[in-house]
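Below: the structure, in structure tokens.
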2 protein chains.
Amino acid sequence: MPLAKVRNQYHHGDLESALISTARKLTKRNGFENLSLRKVAEDIGVSPSATYHYFPDRDSLLAAVGFSLFDELADYQEHQLAKITGSTAKAAKDRFRSLGNSYFEWAVKEPHFFNLMFSEYCLMDADPDHKREDSRPYMNLTKCLDELVSTGTLDERMREHSELLSWTVVHGATSLIVSGHLESDGYKKILDDLEYALGIRK
Amino acid sequence: MPLAKVRNQYHHGDLESALISTARKLTKRNGFENLSLRKVAEDIGVSPSATYHYFPDRDSLLAAVGFSLFDELADYQEHQLAKITGSTAKAAKDRFRSLGNSYFEWAVKEPHFFNLMFSEYCLMDADPDHKREDSRPYMNLTKCLDELVSTGTLDERMREHSELLSWTVVHGATSLIVSGHLESDGYKKILDDLEYALGIRK
DNA sequence: CCCTTATCTGAACAATGTATAGATTTTAGA
DNA sequence: TCTAAAATCTATACATTGTTCAGATAAGGG
């Protein structure tokens, strides 16, 4: 059984994944607003209309690319988190900070990806397979907050208030900075402010 | 002196403001991503190329529309704020809540406007005339926080942490809800969480 | 009244998403 | 293995878009 069929004169062999990976490449470079179906097809060496056998339109190709990016973000976050070991209060605090930082860093590194993920193309409720609470980035947050509580760093009564708050602060600040509506150097202070308000003292 | 010149066969009379208001109308209806220069011109009854005498391209027309919207948002906020009078602690608390609510309500009422305002077309730092700190919505926030402090509702030490925090929470939550990435009924809880974390008790 | 300047039109161009008909290859059944 | 059906891809076409540019039309100043 051939893992990847060879490119024939006529049949590509694995056009669907080629479409996604090429769309990913061009989105990374030029942003999803400027992604051209024809350029994707041309880059692969296939006619424009060939794409319509795998995606009904440009939007659903962008959706396929976008939804796959949540795992890339989570991978980056977990790679950063793994650098901090131990179950002390300090380790839990460091992980919380790392989580907020990695979200921001990844978005700054891949602004076009970040924009696509939170665009109209990647609506969670449109696809029941994707729910925010079940997404790995959000699960990383809840786990991190639980660790803060169990190490006595975060007040138990604050726990229920901290989840959506942290999520919206980190996402809101990141989003504003990536889009150019907030100075980039303000991010550290915002994380400081958040920890201060949550009662996580240094 | 004629306030508004009458439309001639050939010369429109006040094409620049007609362009802005028509672009505003179509953006409100279809979103800025779908704003067509040609449709704007057609709606006014002018040729497509006429627009290029007032705006070098589609982007700068969108920018003109977008920047004007910050005042509309502020107008709405201040209209809501004006309903709450007095300088008691309760009044200050109510105004803070009203400020967060009005931001959200306006965005939900005009999602396409909200998206345009925080798009790449309306970058504050691109135009030195527009700075976030000087924008009326942000000034409403700082004033409101100062009132909370002066009525003893917000701890003085928390004041410096509350500004960017409130801003990013309210904007982040609003942005996520408007774009469909967060359930709409989560907003009230987020404001509750914010007040709790800031130490503003009921 | 003429001539300069501002304003607008008409036609054109390249790029885009997408639909449809038909060509080519693969695959399954006899 | 042969053949018919299904899967896959191409060619062509169409409407729409932003934008450019040469030229037409009107307004205003001397």
Side-chain angles (χ1 to χ4, degrees), chain A residues 1-27 29-66 112 116 119-121, chain B residues 1-27 29-66 112 116 119-121:
Chain A
M1 69 193 194
L3 281 178
K5 296 178 179 175
V6 185
R7 170 77 157 117
N8 280 338
Q9 197 80 19
Y10 211 88
H11 284 26
H12 179 275
D14 196 10
L15 186 51
E16 176 165 6
S17 53
L19 285 170
I20 293 184
S21 72
T22 303
R24 182 192 180 282
K25 185 181 74 180
L26 295 183
T27 295
R29 191 181 301 160
N30 307 319
F32 74 93
E33 312 92 335
N34 300 114
L35 182 80
S36 154
L37 265 190
R38 298 178 97 105
K39 293 263 173 66
V40 171
E42 189 185 18
D43 192 291
I44 299 178
V46 98
S47 87
S49 29
T51 65
Y52 288 85
H53 277 267
Y54 300 95
F55 298 96
D57 50 25
R58 175 180 177 274
D59 293 11
S60 50
L61 174 56
L62 280 175
V65 172
H112 294 136
L116 173 57
S119 73
E120 53 185 335
Y121 298 107
Chain B
M1 69 192 190
L3 281 178
K5 296 179 181 176
V6 186
R7 169 76 157 118
N8 281 338
Q9 198 79 19
Y10 211 89
H11 284 27
H12 178 276
D14 196 10
L15 185 51
E16 176 165 8
S17 53
L19 285 170
I20 293 184
S21 72
T22 303
R24 182 192 180 281
K25 185 181 74 178
L26 295 184
T27 295
R29 191 181 301 160
N30 308 320
F32 74 92
E33 311 92 333
N34 300 113
L35 182 81
S36 155
L37 264 191
R38 297 178 96 105
K39 292 263 172 65
V40 171
E42 188 186 19
D43 192 290
I44 299 177
V46 97
S47 89
S49 28
T51 66
Y52 288 87
H53 278 267
Y54 300 95
F55 299 95
D57 50 24
R58 176 181 177 274
D59 294 11
S60 50
L61 175 56
L62 279 175
V65 172
H112 294 136
L116 173 57
S119 73
E120 52 184 336
Y121 298 107

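Note on naming: letters A, B, ... go to the chains in the order of the sequence lines (proteins, then strands), and numbering restarts at 1 for each one.
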Any non-hydrogen side-chain atom of [X] less than 4.5 Å from a side-chain atom of [Y]?
X: B:I20; Y: B:F55; result: yes
X: A:E120; Y: B:E33; result: yes
X: B:N30; Y: B:H112; result: no

In whole Å, what is the span from the [atom1] atom of [X] to the [atom2] atom of [N]?
X: B:L62; N: D:dG18; atom1: CG; atom2: P; result: 10 Å
X: A:F55; N: D:dC9; atom1: CZ; atom2: P; result: 13 Å
X: B:Y54; N: D:dT19; atom1: OH; atom2: C1'; result: 18 Å
X: B:L26; N: D:dT17; atom1: CG; atom2: P; result: 11 Å
X: B:H53; N: D:dA22; atom1: NE2; atom2: P; result: 13 Å
X: B:E42; N: C:dC8; atom1: CD; atom2: P; result: 17 Å
X: B:I44; N: C:dT7; atom1: CD1; atom2: C1'; result: 14 Å
X: B:E16; N: C:dC8; atom1: CD; atom2: C1'; result: 15 Å

Quick check for you: among [options], whose closest atom lies nearest to any side-chain atom of [X]?
X: B:V46; options: C:dT20, C:dC8, D:dT8; value: C:dC8
X: B:L15; options: C:dT9, C:dC8, D:dA11; value: C:dC8
X: B:Y52; options: C:dT18, D:dT19, C:dT9; value: D:dT19

**Prompt:** Does A:S60 offer a backbone N or O that forms a donor-acceptor pair with the side chain of A:D57 under 3.5 Å?
**Reply:**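 The answer is yes, because a donor-acceptor pair under 3.5 Å joins these two groups.
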**Request:** May I ask you to decide if A:R24's main-chain N or O and A:R29's side chain share a donor-acceptor pair within less than 3.5 Å?
**Result:**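 The answer is no, because no donor-acceptor pair under 3.5 Å joins these two groups.
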Can you give me every donor-acceptor pair (side chain of residues 37-52 of chain B, partner residue at least two apart or in another chain, under 3.5 Å) with its distance?
| residue | atom | partner | partner atom | Å |
| --- | --- | --- | --- | --- |
| B:D43 | OD1 | B:K25 | NZ | 3.3 |
| B:D43 | OD2 | B:K25 | NZ | 3.3 |
| B:S47 | OG | B:S49 | OG | 3.3 |
| B:T51 | OG1 | B:P48 | O | 3.0 |

Protein and nucleotides 14-16 of chain C: nitrogen or oxygen contacts under 3.5 angstrom:
| residue | atom | partner | partner atom | Å |
| --- | --- | --- | --- | --- |
| C:dT16 | OP1 | A:S36 | OG | 3.4 |
| C:dT16 | OP1 | A:K39 | NZ | 3.0 |

**Prompt:** How close do A:A23 and A:L35 get, heavy atom to heavy atom, and via which atoms?
**Reply:**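 So the minimum-distance heavy-atom pair works out to O-CD1, 3.7 Å.
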